[in-house]
Amino acid sequence: MVIFNTTFQISEGLQEPFIEWIKNEYIPLAIHSQMLFAPLLSRVLVQEDIEGDCYALQFHVNNLENLNKWYEDYGKGLNEKLIEKFASKVVGFSTVLERIEI
């Protein structure tokens with residue numbers, strides 16, 4: 001199991017529009033592919049010298065092949081929609097995590 005995490009930094013005053021857009025547009029489009037599932041959106045509580053807020057959006061993915069296919073087929077387009085909507089007022093970076101059973 002792979003976890004696809006993207007952390008977004010949101011400029012002050014855009015928190016509500018960003019969350020609404022993520023919930024109503026980004027997540028439905030991301031899971032429509034049926035390659036990503038179990039979305040989780042969290043606010044990052046500990047931040048150092050950052051204006052605005054940070055949010056982490058996570059999805060589960062069965063394997064890296066599905067993640068790569070999703071990114072090529074859907075992810076690039078979603079990134080373009082994010083930039084169109086928020087320009088440089090929202091920036092993000094992604095990490096890929098391997099889930100380890102404990």
Side-chain angles (χ1 to χ4, degrees):
M1 177 75 59
V2 174
I3 300 170
F4 177 54
N5 178 81
T6 303
T7 302
F8 299 96
Q9 181 182 344
I10 315 305
S11 293
E12 194 67 43
L14 286 180
Q15 290 81 356
E16 286 184 38
F18 173 78
I19 290 171
E20 287 303 311
W21 186 80
I22 286 290
K23 287 171 35 179
N24 296 321
E25 305 249 353
Y26 191 100
I27 291 173
L29 289 170
I31 62 174
H32 177 74
S33 69
Q34 299 183 349
M35 288 182 258
L36 302 184
F37 55 95
L40 176 66
L41 180 64
S42 306
R43 186 166 64 95
V44 178
L45 296 177
V46 178
Q47 303 173 52
E48 296 181 23
D49 301 326
I50 295 177
E51 292 186 27
D53 284 326
C54 290
Y55 294 88
L57 177 60
Q58 297 181 336
F59 294 94
H60 288 197
V61 187
N62 286 328
N63 54 54
L64 286 175
E65 293 79 20
N66 282 0
L67 179 58
N68 290 331
K69 179 164 178 38
W70 175 85
Y71 185 74
E72 288 299 319
D73 294 349
Y74 301 94
K76 287 180 181 179
L78 281 174
N79 282 339
E80 290 172 7
K81 288 179 184 285
L82 177 78
I83 292 168
E84 287 174 18
K85 177 78 175 168
F86 297 103
S88 64
K89 296 179 180 181
V90 173
V91 295
F93 67 92
S94 296
T95 51
V96 179
L97 309 167
E98 179 182 21
R99 183 174 175 190
I100 299 172
E101 296 297 329
I102 54 172

Original post:
With side chains defined as the heavy atoms from C-beta onward, is the minimum distance between Leu67 and Leu36 less than 4.5 Å?
Top reply: yes
Subject >> Side-chain heavy-atom pair Thr6, Phe59 within 4.5 angstrom cut-off >> reply: no
Original post:
Cluster question for you: counting only ILVMFWY and a side-chain heavy-atom cut-off of under 4.5 Å, with indirect links fine, are Tyr74 and Val96 together?
Top reply: yes
Original post:
Atom CZ in Phe93, atom SG in Cys54: separation rounded to 0.5 Å?
Top reply: 8.0 Å
**OP:** Can you tell me which residue pairs pass the salt bridge (charged side-chain N to carboxylate O under 4.0 Å, His left out) test with a partner in residues 61-71, sequence neighbours excluded?
**Re:** Lys69-Asp73
Subject >> Nearest-0.5 Å distance, CG of residue Leu41 to CG of residue Leu57 >> reply: 6.0 Å
Original post:
Does the side chain of Ile10 reach to within under 4.5 Å of the side chain of Lys89, using non-hydrogen atoms?
Top reply: no
Acceptor/donor pairs from residues 14-26 side chains to any protein atom, 3.5 angstrom cut, sequence neighbours excluded:
unit_1: Gln15; atom_1: OE1; unit_2: Gly13; atom_2: N; d: 2.9
unit_1: Gln15; atom_1: NE2; unit_2: Asp53; atom_2: OD2; d: 3.4
unit_1: Glu20; atom_1: OE1; unit_2: Asn24; atom_2: ND2; d: 3.1
unit_1: Asn24; atom_1: ND2; unit_2: Glu20; atom_2: O; d: 3.1

Original post:
Any link between Phe37 and Leu29 through a network of hydrophobic side chains (Ile, Leu, Val, Met, Phe, Trp, Tyr) touching at under 4.5 Å?
Top reply: no
Subject >> Transitive ILVMFWY side-chain link Ile27 to Phe4, under 4.5 Å >> reply: yes
Subject >> Shortest non-hydrogen contact from Met35 toward Trp70 >> reply: SD-N, 3.9 Å
Subject >> NZ/NE/NH1/NH2 to OD/OE distance under 4.0 Å, Glu80 and Lys76 >> reply: no
Original post:
With the 4.5 Å side-chain cut-off for hydrophobic clustering, are Met1 and Leu40 part of the same group?
Top reply: no
Original post:
Residues in salt bridge (Lys or Arg N to Asp or Glu O under 4.0 Å) with Glu98, at least two apart?
Top reply: none
